[in-house]
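As the structure lists them, so they are numbered: ligands from 1, and atoms in each ligand from 1. For the numbers below, each heavy atom of this structure counts, side chains included, while hydrogens, waters and symmetry mates do not.
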Amino acid sequence: MRTPAPLRFPPNFVWGTATAAAQIEGAARTDGKSESVWDRFARRPGAVFNGDTLDIACDHYHRFDQDFALMARLGIKHYRLSLAWPRLIPCGDATINQRGIDFYHRLFDSLEKHGITPWVTLFHWDLPQALEAQGGWRSRVVPEAFARYADVAVKAFGSRVKNWITLNEIRCFTVHGYAGLGKAPGAAEAPGVVNQTIHHALVCHGHAVRAVREHGGRGARVGLTDNCETVIPFTETAPDIAAARAHFVETNQSILGAIYGGGYAPAYLRRCGADRPRVTRGDFALISLPTDFLGLNIYTGLTVRRGKNGKPERVLASPSYPKTDSPWLELAPRALYWGPRLAAEVYGVKNIYITENGCGYNDDQVVKGECQDLHRVEYLRSYLKELHRAMQDRTPVRGYFLWSFLDNFEWADGYTRRFGIVHNDFKTQQRTPKMSAHWYARVVADNALL
Ligand code: PNW
């Protein structure tokens with residue numbers, strides 16, 4: 001019988017997996033690490049499902065060498081991880097914790113030994129609690145401290161890390177953290193304050209770019225990872241595409257629009273009214289420093305058509321439309337076509353990496369040594385087909401990182417929501433590659449979807 005033609009990816013396409021320090025490391029008080037806002041938030045009754053904490057997580061702090069051996073056996077050669085600020089500078093500012101630096105050196109040694117290239121996120125949500133106590137993202141204390149943290153991290157690891165990601169998903173740790181949407185620090189502030197937290201995060205992004213340029217050494221590259229609102233045209237015809245594009249521009253004005261536009265768009269400022277962010281002289285010189293790539297975390301999308309009044313109009317799915325077990329994660333494979341394509345067209349980005357894509361389910365189980373996650377394989381296949389289609393249409397996507405390597409601490413959903421291609425038993429810390437891991441290993445080895 002004839003086998004279907006494989007969907008081939010270009011040579012040098014980067015295939016990887018992604019994690020974040022707070023979600024896998026555990027060792028929450030080991031070797032001088034201080035409390036993060038998530039360590040604190042998880043102790044608030046009702047904040048995290050089941051009262052789960054980050055104290056042990058996947059115990060990756062003590063098991064990274066075995067974890068990277070497994071990654072290498074699966075043939076995965078790129079790995080996105082994050083550094084824990086509270087490990088490196090426990091008070092948030094000033095004093096460096098050498099044991100934290102040493103830990104990441106051991107971790108990078110192990111990656112090197114296993115032939116895996118690190119892609120390092122400087123900030124993936126674990127703000128030192130000491131900085132939250134001084135106002136957190138509401139205050140310029142954070143960008144000032146972050147500027148020094150970025151210098152420390154890039155100076156310490158710049159000889160071995162060449163791919164830097166400044167911040168992960170600004171919207172999640174600002175809006176979701178400060179407007180009562182269930183993420184640490186669990187604050188509920190007025191809109192003006194929330195807009196200011198976004199602005200301070202943009203300044204941090206700029207400082208990270210500056211730090212990589214100043215201390216990153218030869219070949220260093222840097223970019224932001226954003227979870228922009230991904231807008232999908234209902235039909236792929238000119239009117240719906242124009243509507244999707246208009247909606248994309250508008251909803252992403254506060255972050256990507258500001259970075260690539262060199263300032264806040266007048267339309268955004270008009271919508272903010274009196275709640276507009278206060279900008280300090282020099283901020284946008286930093287914020288709009290050129291970067292080398294844009295990272296996009298894409299899980300789902302918003303479907304839009306051209307409404308009768310000519311304006312973009314949302315098209316909703318019925319409650320029975322398929323979702324993963326994360327209520328926000330509706331299946332939307334075309335998000336991986338339209339997300340990168342609109343970002344490239346609207347902002348003129350030349351290099352895009354999908355820095356996260358994946359799906360969370362509650363009931364992945366190991367039965368007789370095997371975890372049959374057909375649901376995840378079908379999810380990934382449908383999304384990767386759309387990514388391939390985007391690249392056929394010349395969208396400049398250079399790589400893809402699957403979230404996540406391991407089941408881990410899924411923030412307010414605790415350990416129930418499993419995003420890994422490797423199953424973790426949180427009682428025994430036993431790792432078992434799921435069927436999706438073996439399937440993904442084939443994709444990586446073939447550089448193609450078969
Ligand atoms: C991302 N939403 O978070 C994060 O970068 C990861 O740390 C996380 O584990 C992963 O995606 C899976 O959730 C998101 O509500 C959390 O739209 C929530 C949303 C999007 C991304």
If the condition is side-chain contact (heavy atoms from CB on, under 4.5 Å), which residues does [X] pass it with, not counting sequence neighbours?
X: A27; answer: T30, Y61, H62, R87
X: V152; answer: I89, I96, I101
X: T230; answer: C228, I298, A335

Plane angle bin for W119 and F293 - parallel if under 30°, tilted between 30 and 60°, otherwise perpendicular: perpendicular

Margin query: Parallel, tilted or perpendicular, judged at 30° and 60°: which one describes the rings of F13 and W15?
Written below: perpendicular

Measure and list all N/O to N/O distances between ligand 1 and the protein that fall under 3.5 angstrom.
unit_1: ligand 1; atom_1: 3 (O); unit_2: E169; atom_2: OE1; d: 3.3
unit_1: ligand 1; atom_1: 5 (O); unit_2: H124; atom_2: NE2; d: 3.3
unit_1: ligand 1; atom_1: 5 (O); unit_2: N168; atom_2: ND2; d: 2.9
unit_1: ligand 1; atom_1: 5 (O); unit_2: E169; atom_2: OE2; d: 3.4
unit_1: ligand 1; atom_1: 5 (O); unit_2: E356; atom_2: OE1; d: 3.0
unit_1: ligand 1; atom_1: 5 (O); unit_2: E356; atom_2: OE2; d: 2.8
unit_1: ligand 1; atom_1: 7 (O); unit_2: Q23; atom_2: OE1; d: 2.8
unit_1: ligand 1; atom_1: 7 (O); unit_2: H124; atom_2: NE2; d: 2.8
unit_1: ligand 1; atom_1: 7 (O); unit_2: W411; atom_2: NE1; d: 2.8
unit_1: ligand 1; atom_1: 9 (O); unit_2: Q23; atom_2: NE2; d: 2.9
unit_1: ligand 1; atom_1: 9 (O); unit_2: W403; atom_2: NE1; d: 3.3
unit_1: ligand 1; atom_1: 9 (O); unit_2: E410; atom_2: OE1; d: 2.6
unit_1: ligand 1; atom_1: 11 (O); unit_2: Y299; atom_2: OH; d: 3.2
unit_1: ligand 1; atom_1: 11 (O); unit_2: E356; atom_2: OE1; d: 3.1
unit_1: ligand 1; atom_1: 13 (O); unit_2: E410; atom_2: OE2; d: 2.5

Item to check | Contact check, side chains of S326 and F419, non-hydrogen atoms, under 4.5 Å | outcome: yes

